[in-house]
Participant: 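Okay, here's the structure, questions in a sec.
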Amino acid sequence: QVQLAESGGGLVQAGGSLKLSCAGSGRTFSIYAMAWFRQAPGKEREFVAAISWSGSMIYYADSVKGRFTISRDNAKNTVYLQMNSLKPEDTAVYYCASPYYSGRDYYTDKDDYGYWGQGTQVTVSS
């Protein structure tokens with residue numbers, strides 16, 4: 001059974017930083033791309049960042065480019081999201097996800113992801 005567990009969310013002031021972690025089990029995560037999505041109240045779940053299985057290919061949403069950094073440690077089956085210069089509009093539940101297939105370097109469409117964590121709340125106060 002594939003499981004993903006996020007941690008590291010919390011309340012932070014605007015301009016602050018947080019680092020999210022996502023630990024996986026139940027499949028060989030080292031051969032799959034991984035991604036972070038987020039969902040704010042009343043909004044669709046949106047793509048944040050993705051990383052290829054090797055970590056050599058990375059893609060960010062324009063809204064977080066230059067502020068967030070995705071990374072992974074395949075030995076620990078863990079993917080990270082370092083979030084700096086946080087803004088109130090970054091407030092959301094953050095989810096990590098693993099795709100159905102291993103064929104591409106990364107995927108940005110949530111419909112390509114079949115495995116999701118429970119989410120971790122990030123709240124940025126102004």
Side-chain angles (χ1 to χ4, degrees):
Q1 182 180 0
V2 178
Q3 292 186 322
L4 297 169
E6 302 96 337
S7 61
L11 173 64
V12 64
Q13 288 188 330
S17 298
L18 281 174
K19 186 173 185 178
L20 307 183
S21 299
C22 171
S25 62
R27 74 178 343 192
T28 307
F29 285 94
S30 59
I31 66 172
Y32 293 91
M34 293 291 293
W36 288 94
F37 288 77
R38 66 186 182 186
Q39 188 166 17
K43 294 189 176 181
E44 294 277 323
R45 190 169 298 189
E46 66 173 3
F47 170 80
V48 174
I51 186 168
S52 63
W53 67 271
S54 67
S56 63
M57 299 289 287
I58 289 174
Y59 189 78
Y60 297 101
D62 287 343
S63 58
V64 306
K65 204 172 292 182
R67 301 187 298 121
F68 290 12
T69 302
I70 189 172
S71 61
R72 66 189 298 163
D73 184 339
N74 286 338
K76 296 181 179 179
N77 280 346
T78 301
V79 63
Y80 305 96
L81 186 67
Q82 176 68 48
M83 305 185 295
N84 299 328
S85 302
L86 282 161
K87 305 175 181 179
E89 51 264 42
D90 293 319
T91 295
V93 177
Y94 283 71
Y95 299 90
C96 68
S98 185
Y100 288 110
Y101 307 113
S102 61
R104 281 191 253 155
D105 287 326
Y106 53 75
Y107 306 81
T108 60
D109 188 337
K110 61 181 182 296
D111 291 336
D112 287 319
Y113 289 85
Y115 305 98
W116 297 83
Q118 81 288 350
T120 186
Q121 177 70 47
V122 171
T123 302
V124 184
S125 63
S126 57

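Throughout, residue positions are numbered sequentially from 1 according to the sequence presented.
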Participant: Going by disulfide (SG to SG under 2.5 Å), name the pairs with one or both residues in residues 24-88, residues two or more places apart or in two chains.
Facilitator: none
Participant: Rounded to the nearest 0.5 Å, what's the gap from CE on M34 to CG on L81? Could you check?
Facilitator: 11.5 Å
Participant: Give every residue pair that meets the ring-ring contact (aromatic ring centres under 6.0 Å, His included) criterion with at least one member in residues 107-126, sequence neighbours excluded.
Facilitator: F37-Y113, F37-W116
Participant: Does the pair D90/K87 count as a salt bridge with the N-to-O cut at 4.0 Å?
Facilitator: no
Participant: Got a sec, which pairs hit disulfide (SG to SG under 2.5 Å) with one end in residues 30-90, sequence neighbours left out?
Facilitator: none
Participant: For the OG1 atom of T69 and the OH atom of Y60, what is their distance to the nearest 0.5 Å?
Facilitator: 4.5 Å
Participant: Report yes if some heavy atom in the side chain of D112 is under 4.5 Å from a heavy atom in the side chain of R104; otherwise report no.
Facilitator: yes
Participant: I'd like to know if the side chain of N74 reaches the main chain of S54, judged simply by a donor and an acceptor atom lying under 3.5 Å from each other, with no hydrogens or angles considered.
Facilitator: no
Participant: Taking a hydrophobic cluster as the set of Ile, Leu, Val, Met, Phe, Trp and Tyr residues connected by side-chain heavy atoms closer than 4.5 Å, whether directly or through intermediates, do W36 and V12 fall within one such cluster?
Facilitator: yes
Participant: Within the structure provided, determine whether Y95 and L4 are in side-chain contact (heavy-atom separation under 4.5 Å).
Facilitator: no
Participant: Is there a path of hydrophobic side-chain contacts, each under 4.5 Å between heavy atoms of I, L, V, M, F, W or Y residues, that connects I51 with Y101?
Facilitator: no
Participant: Indicate yes or no for a side-chain donor-acceptor contact from Q118 to the backbone of A5 under 3.5 Å, with no hydrogens or angles considered.
Facilitator: no
Participant: Out of curiosity, Q3 CD to S98 OG, how far, rounded to the nearest 0.5 Å?
Facilitator: 13.0 Å
Participant: For the residue pair A92 and A40, what are the closest heavy atoms and their distance?
Facilitator: CB-N, 3.8 Å
Participant: Can you list everything that forms a side chain to side chain donor-acceptor pair (under 3.5 Å) with S17? Sequence neighbours excluded, please.
Facilitator: N84
Participant: Output every pair passing salt bridge (charged side-chain N to carboxylate O under 4.0 Å, His left out) with a member in residues 71-82, not counting sequence neighbours, ordered by first then second residue.
Facilitator: none
Participant: Enumerate the residue pairs fulfilling salt bridge (charged side-chain N to carboxylate O under 4.0 Å, His left out) with a member in residues 45-59, sequence neighbours excluded, ordered by first and then second residue.
Facilitator: R38-E46
Participant: What residues form a ring pair (Phe, Tyr, Trp, His ring centres under 6.0 Å) with Y106, not counting sequence neighbours?
Facilitator: Y59
Participant: Residues two or more places apart in sequence or in another chain: which of them pass side chain to side chain donor-acceptor pair (under 3.5 Å) with D111?
Facilitator: none
Participant: Just to verify, what does K43 make a side chain to side chain donor-acceptor pair (under 3.5 Å) with, not counting sequence neighbours?
Facilitator: none
Participant: Using residues 18-26 as the side-chain source, report each donor-acceptor pair under 3.5 Å to any protein atom, sequence neighbours left out, with the distance given to one decimal.
Facilitator:
none

Participant: Taking all non-hydrogen atoms of both residues into account, name the closest pair between S56 and S52 and its distance.
Facilitator: N-OG, 3.3 Å
Participant: Taking T91 for its side chain and V124 for its backbone only, find out whether a donor-acceptor pair lies under 3.5 Å.
Facilitator: yes
Participant: Could you tell me whether the side chain of R27 and the main chain of V2 form a donor-acceptor pair under 3.5 Å?
Facilitator: no
Participant: Which pair of heavy atoms, one from C96 and one from V79, lies closest together, and at what distance?
Facilitator: CB-CG1, 4.4 Å
Participant: Are I58 and F68 in one and the same hydrophobic cluster, where Ile, Leu, Val, Met, Phe, Trp and Tyr link if side-chain heavy atoms are under 4.5 Å apart?
Facilitator: yes
Participant: List the residues meeting ring pair (Phe, Tyr, Trp, His ring centres under 6.0 Å) with F29, not counting sequence neighbours, and say none if there are none.
Facilitator: none
Participant: Say you draw a straight line from CD of E44 to NZ of K110; how long is it, rounded to the nearest 0.5 Å?
Facilitator: 5.0 Å
Participant: Return the set of residues passing side chain to side chain donor-acceptor pair (under 3.5 Å) with T123 (not counting sequence neighbours), or none when no residue passes.
Facilitator: Q121
Participant: Hydrophobic cluster membership, with links at side-chain heavy-atom distances under 4.5 Å among I/L/V/M/F/W/Y: are F47 and Y100 in one?
Facilitator: yes
